[in-house]
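In what follows, a structure is listed as structure tokens, so that the remarks can point back to it.
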Amino acid sequence: MTSSKQHHPATQISEDEAVALEIAPWDAIAPIRAADLDSGRDPSFNSVILPTVRTIFRQGRKPTSIIDIGCGVGRLTREFAKYSDGTVTALDPSPVSAQLASQYLASQHRFDVHNMTVQQYVRLGYGGHGLAVACMVLQDVVHLDSFLVATHSLLLPRGRLLIAITHPYYWPTYWHYDNEPWYRYDRVLFIRSEFRTSLARSGVQTLHVHRPLQTYFAALRSAGFLVEQLIEPMMPIAAQKRSGVEWNTPHFLFLVARRGR
């Protein structure tokens with residue numbers, strides 16, 4: 001099996017450096033990401049992220065309108081149309097990601113893709129969604145508070161937000177920066193490292209923001225959200241054996257929050 005204890009070099013960077021890495025690298029990563037997902041080479045997506053998202057959707061009420069914030073290349077976005085009778089809106093600030101998502105979803109008329117941030121979307125006066133999804137996004141966002149405030153404002157009263165992030169407690173050990181002299185779990189840290197999946201590497205340096213779990217909860221509460229559900233999914237043993245990827249701890253954390261005011 002492929003051990004989860006591989007060494008992935010990571011470097012602490014400043015907030016200004018983090019801002020420069022927040023969007024630009026995803027233009028280079030987008031075609032790589034599309035190829036990995038289309039070929040099935042990402043066991044985390046196939047065996048953890050997608051099944052967990054499906055389970056959460058099946059448990060909740062059917063939203064009238066869904067927005068996918070940070071949709072990437074649109075492979076997960078297509079799944080959301082199964083759970084809504086309306087148009088699924090998708091946002092991504094990376095021009096290449098948004099273009100690939102548009103091309104992927106072009107044959108279906110229930111998707112509306114925008115190349116913009118959620119803050120830009122709200123400033124243009126858009127909103128009225130019953131559910132917002134931010135899957136594997138918040139750990140790449142520098143200004144978390146403004147992201148969540150904007151997301152809150154585009155939701156209908158009692159609308160919900162589904163979040164998936166790298167697990168704040170276990171990811172530092174999996175990515176091997178927990179032994180770095182600059183690492184402290186209780187601090188917000190901006191980190192530069194190569195984007196990679198369990199089975200493939202991209203060669204592209206991108207941003208990762210480490211935040212302790214209490215920071216996420218405090219930011220959600222400050223933006224007006226009430227957390228209703230927390231899930232720490234594990235990769236099934238059968239999937240680990242099939243892919244050769246070994247998971248001893250959860251790598252991702254899912255939260256479902258409701259707009260509270």
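Positions are given from 1 along the sequence. The shown structure was predicted, so the numbers you read here are calculated from the model rather than taken from an experiment. What's counted below: heavy atoms across the whole structure, side chains too, no hydrogens, waters or symmetry copies.
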Note, L161 side chain near V256 side chain (heavy atom, < 4.5 Å)
no
Can you measure from OG1 (T166) to OH (Y169) and round to the nearest 0.5 angstrom?
15.0 Å
Are W26 and L91 joined in one hydrophobic group, where the rule is that I, L, V, M, F, W and Y side chains link up if heavy atoms are under 4.5 Å apart?
no
The residue among R196, R75, R41 that forms side-chain hydrogen bond (donor to acceptor under 3.5 Å, both in side chains) with D36 is R41
When rounded to the nearest 0.5 Å, the distance separating OG1 of T52 from CG of L253 is 10.5 Å
With distance as the sole test, does E79 use its side chain to make a donor-acceptor pair with the main-chain N or O of L76 at under 3.5 Å?
no
Looking only at side-chain N and O atoms, does H143 offer a donor or acceptor that is under 3.5 Å from a partner on D145?
no
I'd like to check N46 versus P43 (side-chain heavy atoms, cut-off strictly below 4.5 Å). Are they in contact?
no
Could you tell me which residues satisfy salt bridge (charged side-chain N to carboxylate O under 4.0 Å, His left out) with R211, sequence neighbours excluded, listed by chain and number?
none
Within one Ile-Leu-Val-Met-Phe-Trp-Tyr cluster: L124 and L156, side-chain cutoff 4.5 Å:
no
Distance-only donor-acceptor check, side chains T173 and D178, under 3.5 Å
yes
How far apart are the C-alpha atoms of T77 and V88, what are their side-chain angles, what is the distance that settles it, and do they pass the side chain to side chain contact (heavy atoms under 4.5 Å, CB included) test?
CA-CA 8 Å; T77 312; V88 176; 3.9 Å; yes
Minimum side-chain heavy-atom gap I165-F254 below 4.5 Å
no
Criterion ring-ring contact (aromatic ring centres under 6.0 Å, His included) against H210, the qualifying member of W175, Y216, F190, Y183:
Y183
Quick one: do I163 and V122 end up in the same hydrophobic cluster if we chain Ile, Leu, Val, Met, Phe, Trp and Tyr together by side-chain heavy atoms under 4.5 Å apart?
yes
Is there a path of hydrophobic side-chain contacts, each under 4.5 Å between heavy atoms, that joins I49 and F195?
no
Can I get a per-line list of side-chain donor-acceptor pairs under 3.5 Å for residues 226-238, giving both atom names and the distance, sequence neighbours left out?
unit_1 : atom_1 : unit_2 : atom_2 : d
E228   : OE1    : R160   : NE     : 2.9
E228   : OE1    : R160   : NH2    : 3.0
E228   : OE2    : R160   : NH2    : 3.2
E228   : OE2    : R258   : NE     : 2.8
Q229   : NE2    : Q59    : OE1    : 3.2
E232   : OE2    : H167   : NE2    : 2.7

May I have the step-by-step check of side chain to side chain contact (heavy atoms under 4.5 Å, CB included) for V188 and V209, ending in yes or no?
CA-CA 7 Å; V188 175; V209 184; 4.0 Å; yes
What pairs of donor and acceptor atoms, side-chain ones from residues 125-142 against any protein atom, are under 3.5 angstrom apart with sequence neighbours left out?
unit_1 : atom_1 : unit_2 : atom_2 : d
H129   : ND1    : S65    : OG     : 2.8
H129   : NE2    : Y121   : OH     : 2.7
Q139   : NE2    : M136   : O      : 3.3

Tightest non-hydrogen contact, residues A257 and F225, listed as CB-CB, 3.9 Å
Tell me, do Y177 and Q12 make a side-chain contact under 4.5 Å, heavy atoms counted?
no
Without hydrogens or angle criteria, can the side chains of D27 and S94 be said to hold a donor-acceptor pair below 3.5 Å?
yes
Distance col, row H114:NE2 vs I69:CD1, nearest 0.5 angstrom, shows 12.0 Å
Step by step, work out the side chain to side chain contact (heavy atoms under 4.5 Å, CB included) result for L21 and I13.
CA-CA 10 Å; L21 281 175; I13 58 176; 3.8 Å; yes
Within-4.5 Å side-chain heavy-atom neighbours: L105 and R110:
no
How far does CD of E15 sit from CG of L189, to the nearest 0.5 angstrom?
12.0 Å
Check: R192 side chain, L207 main-chain N or O, donor-acceptor pair, under 3.5 Å
no
Co-membership, hydrophobic cluster, residues F252 and F217, 4.5 Å side-chain:
yes
Please report the C-alpha distance between T87 and D112 in whole Å, then the side-chain angles of each, then the deciding distance to 0.1 Å, and finally whether the side-chain hydrogen bond (donor to acceptor under 3.5 Å, both in side chains) criterion is met.
CA-CA 7 Å; T87 298; D112 188 14; over 6 Å; no
Sequence neighbours excluded, which residues qualify as side chain to side chain contact (heavy atoms under 4.5 Å, CB included) partners of A30?
V73, V96, S97, L100
Is there a side-chain contact between F111 and R78 in this structure, where contact means two heavy atoms from C-beta onward sitting under 4.5 Å apart?
yes
If we ignore hydrogens and angles and just use 3.5 Å, is the side chain of E17 paired with the main-chain N or O of S14 as donor and acceptor?
yes
If I take atom CG from residue L37 and atom CG from residue D42, how far apart are they, to the nearest 0.5 angstrom?
6.0 Å
Flag the pair W171 / H208 as yes when at least one side-chain heavy-atom distance between them is below 4.5 Å, and no otherwise.
yes
Nearest heavy-atom neighbours spanning D92 and C71:
OD2-N, 3.4 Å
Where A101 and V113 come nearest, the two heavy atoms and their spacing
CB-CG1, 4.3 Å
Specify the closest pair of heavy atoms between Y83 and R58, including all atoms of both residues, with the distance to one decimal.
OH-NE, 4.1 Å
Mind checking whether F80 and V53 have side chains closer than 4.5 Å, heavy atoms only?
yes
Is the count of non-hydrogen atoms from other residues, nucleotides or ligands lying under 6.0 Å from Y185 atom OH greater than 12?
yes
S47 (side chain) donor-acceptor with A239 (main chain) under 3.5 angstrom:
no
Would you check, one step at a time, whether the test side chain to side chain contact (heavy atoms under 4.5 Å, CB included) holds for Q119 with F147?
CA-CA 7 Å; Q119 293 93 331; F147 183 101; 4.1 Å; yes
Short question: side chain of S84, backbone of A81 - any donor-acceptor pair under 3.5 Å?
no
Rounded to the nearest 0.5 Å, what separation is found between the CG atom of D85 and the NZ atom of K82?
15.0 Å
Determine whether a donor-acceptor pair (N or O, by modelled atom type, separation under 3.5 Å) exists between the side chain of S222 and the backbone of A218.
no
Partner set under side chain to side chain contact (heavy atoms under 4.5 Å, CB included) for A28, not counting sequence neighbours:
V204
Heavy-atom closest contact (L144 atom, A219 atom, distance):
CD2-CB, 3.7 Å
Going by the rule salt bridge (charged side-chain N to carboxylate O under 4.0 Å, His left out), which residues pair with R201 if we only count those two or more places apart in sequence or in a different chain?
E194
N115 (side chain) donor-acceptor with P93 (main chain) under 3.5 angstrom
yes
